Number of protein chains: 6
Amino acid sequence: MRPSKRAADQLRDVSLERGFSRHAEGSCLVRFGDTHVLCTASLEERVPGWLKNSGKGWVTAEYGMLPRATHERMRREAASGKQSGRTQEIQRLIGRSLRAVVDLQALGERQISIDCDVIQADGGTRTASITGAFVALAECLSWMEQRSMVKRDKVLKDHVAAISCGIHNGVPVLDLDYLEDSSAGTDANFVMTGKGGIVEIQGTAEADPFSEEELQALLSLAKAGIATLVEKQRAALA
Amino acid sequence: MRPSKRAADQLRDVSLERGFSRHAEGSCLVRFGDTHVLCTASLEERVPGWLKNSGKGWVTAEYGMLPRATHERMRREAASGKQSGRTQEIQRLIGRSLRAVVDLQALGERQISIDCDVIQADGGTRTASITGAFVALAECLSWMEQRSMVKRDKVLKDHVAAISCGIHNGVPVLDLDYLEDSSAGTDANFVMTGKGGIVEIQGTAEADPFSEEELQALLSLAKAGIATLVEKQRAALA
Amino acid sequence: MRPSKRAADQLRDVSLERGFSRHAEGSCLVRFGDTHVLCTASLEERVPGWLKNSGKGWVTAEYGMLPRATHERMRREAASGKQSGRTQEIQRLIGRSLRAVVDLQALGERQISIDCDVIQADGGTRTASITGAFVALAECLSWMEQRSMVKRDKVLKDHVAAISCGIHNGVPVLDLDYLEDSSAGTDANFVMTGKGGIVEIQGTAEADPFSEEELQALLSLAKAGIATLVEKQRAALA
Amino acid sequence: MRPSKRAADQLRDVSLERGFSRHAEGSCLVRFGDTHVLCTASLEERVPGWLKNSGKGWVTAEYGMLPRATHERMRREAASGKQSGRTQEIQRLIGRSLRAVVDLQALGERQISIDCDVIQADGGTRTASITGAFVALAECLSWMEQRSMVKRDKVLKDHVAAISCGIHNGVPVLDLDYLEDSSAGTDANFVMTGKGGIVEIQGTAEADPFSEEELQALLSLAKAGIATLVEKQRAALA
Amino acid sequence: MRPSKRAADQLRDVSLERGFSRHAEGSCLVRFGDTHVLCTASLEERVPGWLKNSGKGWVTAEYGMLPRATHERMRREAASGKQSGRTQEIQRLIGRSLRAVVDLQALGERQISIDCDVIQADGGTRTASITGAFVALAECLSWMEQRSMVKRDKVLKDHVAAISCGIHNGVPVLDLDYLEDSSAGTDANFVMTGKGGIVEIQGTAEADPFSEEELQALLSLAKAGIATLVEKQRAALA
Amino acid sequence: MRPSKRAADQLRDVSLERGFSRHAEGSCLVRFGDTHVLCTASLEERVPGWLKNSGKGWVTAEYGMLPRATHERMRREAASGKQSGRTQEIQRLIGRSLRAVVDLQALGERQISIDCDVIQADGGTRTASITGAFVALAECLSWMEQRSMVKRDKVLKDHVAAISCGIHNGVPVLDLDYLEDSSAGTDANFVMTGKGGIVEIQGTAEADPFSEEELQALLSLAKAGIATLVEKQRAALA
């Protein structure tokens, strides 16, 4: 039995609240149960140096946590003077995941910066971030389409969403919350497209190594979960 | 006429939403119109080095802004590797303001850290932060009182709240929003207690110097505004 | 009775020694009793990025303390790798105060950087800095006028000087030294122009809040004190 | 045809030169073709704070590249003042991979720090690092066993090694060199134990998403490649 | 002919003003012509970690320059966030030079920190710093002897002073000022004791290499110059 | 008797292995006994800002140590976030020494960056670095000559090499290893050209001051040692 009484293949309550922010060109407050992340998309008419005069744009992401998003207060990264390895790893993952479904040529020489800020954490912040970031990005592209800057569907090749899975008490389960995450033997994050292609897979054995069969079971759970998330993205963007 | 159509002595819509955060011992989402700040209070059973074995506690504050809380995206302070002078100035002000109404002896050798994170900005973030931080702090002390750690009303000597005033188009006005703040000739922040004592006053002439009479007019507006804010604090904590 | 035996409205011995530095375009060693600050003005033929091609110049300030300017040695900020919040707050205040009396258009696209370095500290370093920085700035502008770069009196609209006041043992007093500052219940810094306009006011209740009447009393002391300081500036620049 | 003329399932020439360093308790110069990494193991009689008095030890890793290990000189991280996100991601991966086969209780309250420094890079530096780090770690534990500090085979539960795979010109291939890595559509790193359990899997679609079948093909290549690497580890440690 | 009209073996006007600082346990304002350095000695009842319980003390030095000590304003090191290589090299040299004449055992487990801050620079700041730092250190030790903490002459084994020499227009000259320093072909700094022993020698060929004969000529100049400086130290400390 | 049984004027076994690195334009693995340093030369078609449009090039150096190059593991400078004073001092010395034999005008507006990374340390890393760096630089210039970019012998005016000497147990000895270096009373580094000119001399008394005679003895040892090193450079470059 899962601590949250959920079935093994059951997502937490997921909501995607588009247009949450007044200033950003795109935004989404994503909730996976008690994990809440504010994703904003900011359009900038400049690109990183290595893309100048290339005709191509860029999509990048930054990730942060409010100091008391977690059970114990964590030190503020701005105060400690640097972003942790974990933060950098996550924001690189979010950026790569989004770029996998973006045609940078069709975007043109512009940068869209996605900020994912965790307001409250209960496990799965990186997968919630990717799922919400896609909605913020799509809203930003709609904003640009209204100003005749791009065709949104030329830039966005597909949906992208993410979910974590793990082996908890020997059972493969979907969408780990903090309690499960802390005690799971294996933890895997999957990033997949609307068409079911795999963009990223990151599996880690916390205690004992896992087998090919276990990897397969987690992948199956993830596919179903991500299909549901993509449905919710479509609804939010409708 | 003010851009927002408000009367010269009219506050924006103010709300104080207590218990917003699941994990923190105290929290408050404060809204002054479109300025939204999440304030959390975190109790820690340790004090800064210079207070060890003094029997006294400490209350401190940190302040941050989400990168796209503002009209233009700002660089994330965690990424740039340091907090700006403005950030440090504001968090020092919040901490001093709160300590002005706290009996550190009655708190005992513990630290309460208040995090004020601006989710959305439209002027007056520092005064909203102080006003909301007080509610988070009071809720944290109630949490402690329920665990017989302190008597809340021994620790809290009074309320404290803050408001900005300014001279806009030659007219003294209360609670500047971003539009007014950008064009105000003089900008002053007042921090006052429930009994009407002055805790902090910070007045700055952006263009021409101001006179004693103008200072007096701003102070009068502030007194009335802060009295209203203290009422709202009482209601939120009831 | 004040520890220094001074009357409540009595300044410390103040001296403004112009031309102290061999290399700087303007300089002033300012002494408020045992508080000694070396102020230098450096002319640079460049402006911050946001002023390029605006036709406007800029005046900025930096502040520092020698490690053993104080009773106890403080850590060198260059060694600790960052400027403290206090340092940043003070240097922002000095810059704003000076700009309040400068016509940046008349200065032209150039920057004057004022460095205020505390050689010895005994309270009131920020107000001494502002008072001495004005003299260094004026000398720099005279240097420029001799080279037909500007008309000094077009650039400088007025004098600006600053003084601290506080409530010590219940009595409002002028120009706190370190001993008084450490024990004062309320501490306020005033920055005013030669014509008596208020540029900045920063009042802080260290212990109990203060009243409007007390604020008024401090302001009256400051007005008289600043009038004297402006006289001394005129003498130094004559 | 692969640029290196290798068969799809063919590793580069791999060598593991144990005892390369005079000072370290364990060391290994690992070569995967033109990728050369020096791995050293340093024993320290202290543990991170959170393990004090736990009876448990710790194994951690750091990763670096000489500035001209690569085709173009890269900025020295010590000079730029921080480790890149990529560096941090890799050193976290190495540490997790090693800990997956270590009994931290059997190690006792000590820390072994593995430094993996890339002398020359030609793709696959992180997988070479893990493979060589295991040898350095094992040699360090033998050094400790000679001094009756531990039983090496109590501490080391299994071998661990790593290899990269990718889809190059539509064909799944083993052990990418730099040329293949730069142009591969999908890139996956596998970390596995001597018994064939999966410790880490990190798959990334650089261009188009990949399918479950492709993931399966890469995993099969990796299993065979890692089995060979484990053989070479055994030989090096014999 | 030297730009300053001095003879080849002539020092600039040198003064050593002891007791310059009100707060420090020892201090000296040293002037070598237009080079002015304030040296303060701060006694601290603690030692670096590696000396704890050793019974030995430590003498260390820090060096800084006011931003406009020089012809052109330099960036403030506290603002740039780190000390330059030059600064670190100089402060390491000052510390080593002082420790060469101190019996750290006789000092006892205490640290004396010498701060050398250049108020105005005209060449030779490091040698002026060493010469003045010795006076500040000696005054601090007298202060300690008055409190029966040490015997000054047990701690101080000898005097130490320093001077620069160089080859200017082919002629070996003593005590280079900025103008000579900028154009000297060879620049050498000598640190010597009262008894004439060599503590440090640092010679650098700016353009062409120098010969043994030239080194010998510089050393002879330095010996005479340092003998004079030691006389002035004795007079200042009398 | 020296710990290594060497005669007082005997170098350790020295080898200079040219072309060690696959990617760099020039490289040399230099060994002075158990001290091993990898030197690489990287050509960049840009110069520091102050040389733009001057027609002159630049040669600079960086120095680093692998964390376990030494007896005890040292903290990685990239992890601690800054280069130590010692590191900066050494890399400044290497750069100056090389520039002493380079005609920067003949190099043209390009920069050559020499990286000296200590793989294993046993004393004398800075002098081994200079000696090996010259070979890497010369190889880089040959690479450029093959591409008709420069005439190598126009750019290189002479050889440059370096050696340490010291007074060990009262006897002047050549080429200190770590054991001698730790206990030597005086330690001096000499940098000299092929023609025997002195480029740098850095002598430090670790305990008692040294005399002119001792300095002379060390210089004589160094001259002979450097002549041998220059021979080895010629052989390596032949």
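Reckoned from all heavy atoms, side chains included, excluding hydrogens, waters and symmetry mates. Values in this document were obtained by computation on a predicted structure and should not be read as measured data.
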Engineer: CD/C:Q216 to CG/B:L219 distance, rounded to the nearest 0.5 angstrom?
Structural biologist: 10.0 Å
Engineer: Please indicate whether C:K157 has more than 12 foreign heavy atoms, meaning atoms of other residues, nucleotides or ligands, lying under 6.0 Å from its NZ.
Structural biologist: yes
Engineer: Taking heavy atoms only and a threshold strictly under 4.5 Å, list by residue number the residues of residues 82-103 of chain C that touch chain B; give 'none' if the list is empty.
Structural biologist: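 Heavy-atom contacts from residues 82-103 of chain C to chain B are C:Q83, C:S84, C:G85, C:R86, C:Q88, C:E89, C:R92, C:R96, C:A100.
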Engineer: With chain C as the partner chain, list the residues of residues 191-205 of chain B whose heavy atoms fall under 4.5 Å from it, by residue number, and write 'none' if nothing qualifies.
Structural biologist: B:T193, B:G197, B:I198, B:V199, B:E200, B:I201, B:Q202, B:G203, B:T204, B:A205
